[in-house]
K.L.:
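Please read through the structure below; I'll follow up with questions.
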Amino acid sequence: MKTIAPAPESQIDEPEFKRLTAQEVRELREANPSVSPWWVVGGQVVVGLLVAVGAWGITTKAEIGWSAAYGALVVILPAAVFARGLTGRFASLNAGTAVLGFFLWEMVKMALSLAMLVAAPGLVVGLSWPALLLGLFLTMKVYWVAMAFSPKRVKRMLERTGE
């Protein structure tokens with residue numbers, strides 16, 4: 001077996017680090033606007049209601065509609081708790097508390113979702129798991145749509161097209 005010695009440090013190509021100017025930072029932020037977590041939660045509420053009403057209307061069975069609504073609620077309620085935690089007053093004291101807070105609230109969100117799923121058979125009369133999972137899945141996928149169509153992003157796209 002042949003061993004290869006590591007290359008000396010002088011031969012390793014490292015990318016050159018360039019600090020951004022204040023103007024470059026401003027342009028970068030304008031090109032990539034942040035999305036409020038409450039915008040995402042609002043989108044989830046709308047989709048959750050549409051899924052529940054749609055499931056009830058298509059099947060004409062109230063328990064299917066309630067199951068789909070509960071599935072949506074399994075996403076919406078923990079997401080609202082998560083958003084509240086991220087936007088609280090201690091959320092951005094410094095980088096360390098922001099990262100710790102993100103992971104803490106993400107764990108709370110997952111635990112709450114799991115607890116709601118476990119409690120579903122006792123809370124929803126005539127529970128339909130397929131309807132619940134459909135409501136959960138469609139409501140969860142709102143993240144991508146809400147981020148793509150956030151008010152700031154849409155405004156920026158309209159400004160680029162000249163409308």
Side-chain angles (χ1 to χ4, degrees), residues 20 25-163:
L20 298 177
V25 170
R26 209 172 299 115
E27 290 171 1
L28 185 63
R29 286 187 178 150
E30 287 175 6
N32 300 295
S34 61
V35 178
S36 168
W38 293 109
W39 174 256
V40 176
V41 172
Q44 288 176 331
V45 168
V46 170
V47 169
L49 287 171
L50 290 174
V51 169
V53 170
W56 189 354
I58 289 170
T59 64
T60 65
K61 294 182 181 178
E63 57 270 6
I64 300 293
W66 286 114
S67 295
Y70 189 82
L73 196 62
V74 167
V75 174
I76 295 166
L77 186 63
V81 170
F82 180 71
R84 176 65 180 104
L86 288 184
T87 57
R89 103 169 86 147
F90 298 112
S92 59
L93 289 176
N94 60 45
T97 57
V99 171
L100 181 64
F102 178 85
F103 285 114
L104 172 74
W105 287 109
E106 182 64 24
M107 287 189 329
V108 168
K109 183 174 100 170
M110 289 189 300
L112 183 56
S113 295
L114 184 61
M116 289 178 73
L117 284 172
V118 169
L123 295 174
V124 181
V125 177
L127 178 67
S128 167
W129 280 103
L132 182 143
L133 293 175
L134 181 69
L136 184 144
F137 177 77
L138 292 176
T139 305
M140 192 180 305
K141 292 301 171 188
V142 170
Y143 279 106
W144 298 103
V145 176
M147 288 192 298
F149 293 104
S150 71
K152 291 178 187 176
R153 191 170 300 257
V154 169
K155 180 181 174 187
R156 193 181 88 240
M157 287 188 313
L158 292 175
E159 287 172 354
R160 283 184 181 170
T161 59
E163 293 179 11

K.L.:
Side-chain contact, heavy-atom cut-off 4.5 Å: Leu86 with Phe102?
P.N.:
yes

K.L.:
Of the non-hydrogen atoms in Thr139 and Ala72, which two are nearest, and what is the gap between them?
P.N.:
OG1-CB, 3.3 Å

K.L.:
Is the backbone of Gly135 close enough, under 3.5 Å, to the side chain of Tyr70 for a donor and an acceptor to pair up by distance?
P.N.:
no

K.L.:
Do Leu117 and Leu136 have side chains that approach each other closer than 4.5 Å (heavy atoms only, starting at C-beta)?
P.N.:
yes

K.L.:
Sequence neighbours excluded, which residues qualify as salt bridge (charged side-chain N to carboxylate O under 4.0 Å, His left out) partners of Glu63?
P.N.:
none

K.L.:
If a pair satisfies salt bridge (charged side-chain N to carboxylate O under 4.0 Å, His left out) and one of its residues is in residues 39-60, list it, with sequence neighbours excluded.
P.N.:
none

K.L.:
Might you point out which heavy atoms bring Gly43 and Val142 nearest each other, and give the distance in Å?
P.N.:
C-CG1, 3.5 Å

K.L.:
Would you compute the distance between atom OG of Ser113 and atom CG of Leu73 and round it to the nearest 0.5 angstrom?
P.N.:
10.0 Å

K.L.:
Which pair of heavy atoms, one from Val41 and one from Ala83, lies closest together, and at what distance?
P.N.:
CG2-CB, 4.3 Å

K.L.:
To the closest 0.5 Å, what do you measure between CG (Leu132) and OG (Ser67)?
P.N.:
6.5 Å

K.L.:
From Trp129 CH2 over to Leu134 CG, what is the distance, rounded to the nearest 0.5 angstrom?
P.N.:
14.0 Å

K.L.:
CG of Leu104 to CD of Glu106: how many Å apart, nearest 0.5 Å?
P.N.:
10.5 Å

K.L.:
Going by the side chain to side chain contact (heavy atoms under 4.5 Å, CB included) test, name the single residue among Met140, Met116, Lys109 that passes it with Val75.
P.N.:
Met140

K.L.:
I need the Gln44 CD to Trp38 CH2 distance, nearest 0.5 Å.
P.N.:
11.0 Å

K.L.:
Using 30° and 60° as the class limits, which term best fits the ring planes of Trp56 and Trp66: parallel, tilted or perpendicular?
P.N.:
tilted

